[in-house]
Amino acid sequence: MLAFDTLKQEFVHCHVLLEPLADKAAFEEACRRLQAHGHPLLSRLLDSGEDEGNPFYITGNVDGETLRSYLARQQEIPGWLAVMIACRALEAVIALVENTDCLPENVLNGLRVVQTGSQQVQIQMADYRLLTGEAAKAKVLKPAFEKSAKLLRTFFQEQSGGGPTLPDQLLPGADFMELLAACLAAAARSVVTALTDLKNALQKLAPDQLTGEIPTAHKPRALLAPHFASYQEVARGVVNLIRIQSQRLDMANPYSMRGTLTKTGRTVLVEQVPPPRLVGSSVRAMDDQGLALAKKREFPSLIPMVLLHEGDEITCLAEELVEGVSLADLLRERRALSVHEAYLVLAGLDGALDSLEKSGLDPKRLRLEDIFLLTGFPREDARTAKLLLTKLNEWPAFSIVLRAHPTLASMAGRGLDPAVLLPTIKAPRPGLWNGAWLSAIGRFLVGLAPLPGHTGEPPGERREREALARLFDEEIHRQREGKVCLREDFLARYARIVQHHETVKPAAAPASEPLGLQPKAGARTRTISADPAANKPTALEGAPQALTSGFAPVSEKPTIGFAELLFRDTSVTESGGRHDWAKTAADAPPTINPGEVLLPPSEFVPFWLRAAVFLGGSIVIGAILAHASGDAFWLKRPVIKAVPVENTAPLPATKSGARPLAPEPPRGPAAPQISVPTLPPETPPARSPSLLQPPSSTLKQDL
């Protein structure tokens with residue numbers, strides 16, 4: 001039966017068994033296992049028991065049709081969509097058999113298909129088999145599963161035509177449903193490895209890039225959509241107040257539409273408020289309270305409601321569109337954040353939760369889709385797409401806002417609620433947003449609990465993730481025992497873990513360097529401790545302590561604050577500037593410790609030595625080049641020029657056939673002719689052994 005939980009404000013399914021329990025102890029034990037270990041692909045088991053002799057159990061709603069009804073109406077199905085459905089169904093079955101062996105006999109009816117995007121579907125387990133204990137036929141089911149898995153793999157390989165991926169051709173839906181049902185029915189805890197191998201083998205057949213969207217005939221139907229008004233009726237109800245921009249719905253949130261306020265022009269999201277006959281009066285009362293708080297504008301960390309209108313028997317609300325990205329969108333793009341980025345988100349979320357508690361609103365769940373990182377840019381902006389691929393500590397700035405009012409998507413069970421990892425409590429208690437809830441959301445942030453459909457090794461060092469995993473498990477275990485941990489205490493322990501892995505390196509210092517000199521500039525470390533005494537090695541040489549308790553000695557000084565940690569000069573927020581050596585030396589203790597930055601690096605060279613080497617090298621290189629070119633001063637020798645002898649004899653006329661002389665350049669006015677008597681032939685001087693005599697001239701004979 002479909003029902004609505006007025007305390008938790010969500011739709012649920014009540015499963016009533018018509019026969020008395022044959023083994024009550026096994027039934028209660030199976031219920032406890034499902035309540036103790038939650039999973040995003042498993043519907044929460046909220047309550048169980050007996051009422052007037054009839055056993056019952058209550059599960060959360062999964063807003064989609066059953067896998068059997070979905071495949072039954074598919075005569076043909078695209079190949080890539082069939083591969084996606086098979087992989088998602090195997091993931092849900094693996095999550096169930098790893099926690100408990102409560103796989104229903106008709107597994108296709110227990111699985112529900114939900115569309116989470118234009119090209120994405122998700123399959124969740126919505127029903128369980130709780131009448132018997134653990135299955136005792138694991139050895140019999142293993143060979144049956146191997147045979148069924150081989151048949152399903154062969155079916156896809158034949159349809160692919162021998163190619164590496166499956167083309168966009170249509171496959172017979174009846175054959176696919178039969179082979180998939182045989183594989184899922186044979187699943188058990190003993191064949192988890194074989195289930196994982198089959199999923200990985202089928203995942204390789206899917207194309208890397210998908211174009212378009214799921215065809216209308218192959219879209220899964222929402223379960224609660226027939227119980228509410230259609231989007232045409234909602235648009236007519238607010239036609240004078242809001243102008244609907246598009247009638248196309250976002251399949252990740254099919255109950256909201258985007259519109260524009262006619263008076264102010266602000267972009268809003270519009271959806272219907274469920275009528276009191278379905279959900280009672282608690283939802284409308286909380287919406288009225290949220291609208292009154294939005295008008296006061298006293299809580300900027302909450303998404304404001306701008307309209308609550310009732311007309312034509314339909315009540316509609318409108319919330320302001322957030323200029324940022326949700327935490328779910330960020331994790332879909334990044335898969336996981338580093339431990340430092342996760343601390344930035346958790347510290348900002350702590351401040352937003354403080355504002356939520358002061359507002360007086362009492363939401364019963366906060367999904368990843370209800371937590372937004374406000375950047376100032378729309379989701380469709382190119383700058384937002386660039387930020388999604390950048391680390392959070394490199395963002396210019398961001399703030400966190402929450403959606404505190406109930407929405408149809410939240411009440412229908414859509415999205416990812418981090419509280420699914422926490423033990424189930426029958427009634428909400430004060431202090432719901434405690435350290436255990438931050439631990440649950442932290443597991444999703446750092447990739448310890450990956451989003452459905454995402455696999456891969458999360459970023460960061462393994463030692464840091466292991467330390468955080470112990471911290472998260474300890475907080476969740478304390479919640480299971482009924483102990484409440486404050487958010488401030490949890491964040492302080494988280495900060496000490498980050499501080500420990502920043503200051504302490506796993507590699508030991510060599511024995512030849514007792515002083516622990518400062519390492520190279522490319523691998524230098526910086527501390528984030530508020531107390532210089534925390535850097536002393538004696539804190540690590542004492543009795544063994546848990547990583548979550550920190551390694552700093554007990555002192556009366558207050559521990560480091562969260563805002564101080566965010567803005568201190570750590571490796572997370574390191575800007576790359578030069579270190580202040582004078583300040584470090586002034587603040588340092590009298591002894592030299594490995595963590596202190598007091599001595600210059602071993603490669604330090606004085607400036608005067610660099611200048612001397614540069615000038616000397618320049619002189620040597622210039623001398624070599626001058627010697628090679630012959631322009632060096634030591635290669636030059638004095639040259640004595642010879643005195644030429646003037647010959648005043650007239651030149652005879654040129655013979656015919658002899659080479660004419662070059663014409664002389666034009667001269668000034670002709671001078672008067674002077675007759676010069678001919679001189680007797682010149683007798684050559686007597687030869688002398690002296691080298692200073694000019695050589696004999698044969699110019700006359702040549703002429």
Side-chain angles (χ1 to χ4, degrees), residues 1-64 66 92-112 123-136 187-189 223-224 279-280 282 364-365 410-413 416-429 432 436-437 440 476-483:
M1 296 180 293
L2 180 64
F4 185 79
D5 191 338
T6 57
L7 294 179
K8 296 184 178 181
Q9 295 182 350
E10 64 175 329
F11 286 92
V12 297
H13 289 282
C14 298
H15 306 264
V16 181
L17 308 179
L18 302 181
E19 298 179 358
L21 294 174
D23 190 351
K24 185 177 180 180
F27 174 78
E28 294 177 351
E29 178 62 24
C31 292
R32 280 194 298 268
R33 285 198 302 267
L34 283 174
Q35 291 178 346
H37 303 284
H39 194 276
L41 296 179
L42 305 180
S43 177
R44 297 301 309 273
L45 186 64
L46 303 176
D47 197 2
S48 62
E50 281 189 80
D51 184 18
E52 297 181 357
N54 293 326
F56 70 92
Y57 59 97
I58 301 176
T59 60
N61 177 62
V62 181
D63 193 30
T66 63
V93 170
I94 291 173
L96 178 61
V97 297
E98 283 181 342
N99 290 278
T100 179
D101 195 0
C102 296
L103 189 69
E105 297 179 359
N106 195 345
V107 63
L108 294 184
N109 288 339
L111 295 172
R112 292 184 179 271
I123 297 180
Q124 295 179 242
M125 184 66 67
D127 198 3
Y128 310 99
R129 182 183 59 183
L130 302 176
L131 294 181
T132 58
E134 296 186 2
R189 185 177 299 179
L223 180 65
L224 297 180
V279 299
S282 59
K364 300 305 184 294
R365 91 174 32 80
S410 177
M411 291 184 286
L416 183 56
D417 184 11
V420 72
L421 302 180
L422 301 178
T424 305
I425 53 178
K426 293 187 177 181
R429 293 177 298 180
L432 182 61
W437 187 83
I476 295 176
H477 181 70
R478 294 179 62 180
Q479 173 81 0
R480 187 177 295 110
E481 293 179 351
K483 301 178 182 179

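Numbers here are sequence positions counted from 1. Note that these values count all heavy atoms, side chains included, but never hydrogens, waters or copies made by symmetry.
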At what distance, to the nearest 0.5 angstrom, does [atom1] of [X] lie from [atom2] of [Y]?
{"X": "L41", "Y": "L416", "atom1": "CG", "atom2": "CG", "answer": "9.0 Å"}
{"X": "F56", "Y": "L17", "atom1": "CZ", "atom2": "CG", "answer": "10.0 Å"}
{"X": "D127", "Y": "L42", "atom1": "CG", "atom2": "CG", "answer": "12.0 Å"}
{"X": "N54", "Y": "L18", "atom1": "CG", "atom2": "CG", "answer": "7.0 Å"}
{"X": "I58", "Y": "L45", "atom1": "CD1", "atom2": "CG", "answer": "9.0 Å"}
{"X": "W437", "Y": "L422", "atom1": "CH2", "atom2": "CG", "answer": "9.5 Å"}

**Asked** Among L96, D101, I94, T100, which residue meets the side-chain contact (heavy atoms from CB on, under 4.5 Å) test with E98?
**Response**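 It is I94, the one option of L96, D101, I94, T100 that forms the side-chain contact (heavy atoms from CB on, under 4.5 Å) with E98.
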Looking at side-chain heavy atoms only, is the closest gap between [X] and [Y] below 4.5 Å?
{"X": "P104", "Y": "N109", "answer": "no"}
{"X": "H39", "Y": "M125", "answer": "no"}
{"X": "L130", "Y": "L34", "answer": "yes"}
{"X": "D417", "Y": "E10", "answer": "no"}
{"X": "R129", "Y": "E105", "answer": "yes"}
{"X": "L7", "Y": "K364", "answer": "no"}

Closest heavy-atom pair and its distance - [X], [Y]:
{"X": "A187", "Y": "L103", "result": "O-CD2, 3.8 Å"}
{"X": "T6", "Y": "S282", "result": "O-OG, 3.9 Å"}
{"X": "R33", "Y": "N99", "result": "CD-O, 4.5 Å"}
{"X": "A419", "Y": "R44", "result": "O-NH1, 3.0 Å"}
{"X": "L223", "Y": "V62", "result": "CD2-O, 3.9 Å"}
{"X": "P55", "Y": "P20", "result": "CD-CA, 4.4 Å"}

**Asked** Taking the side chain from R112 and the backbone from Q124, do they hold a donor-acceptor pair closer than 3.5 Å?
**Response**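 Here the side-chain-to-backbone pair does not exist.
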**Item:** Polar side-chain atom of Y128 near backbone of S43 as donor-acceptor pair, under 3.5 Å
**Value:**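 Indeed, once roles are kept as given, a pair shorter than 3.5 Å links the two residues.
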**Asked** Quick one: salt bridge (charged side-chain N to carboxylate O under 4.0 Å, His left out) partners of R32, sequence neighbours excluded?
**Response**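 Expected list: E29.
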**Request:** List in chain and number order the residues that pass salt bridge (charged side-chain N to carboxylate O under 4.0 Å, His left out) with E481, two or more places apart in sequence or in another chain; answer none if no residue qualifies.
**Result:**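 Partners of E481 under the salt bridge (charged side-chain N to carboxylate O under 4.0 Å, His left out) test: K483.
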**Prompt:** Under the side-chain contact (heavy atoms from CB on, under 4.5 Å) test, which residues partner A412, sequence neighbours left out?
**Reply:**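 Only N61, D63, L224, Y255 meet the side-chain contact (heavy atoms from CB on, under 4.5 Å) criterion with A412.
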**Item:** H15 and Y57 aromatic ring geometry - parallel, tilted or perpendicular at 30°/60° bounds
**Value:**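 Geometry flag for H15 against Y57: parallel rings.
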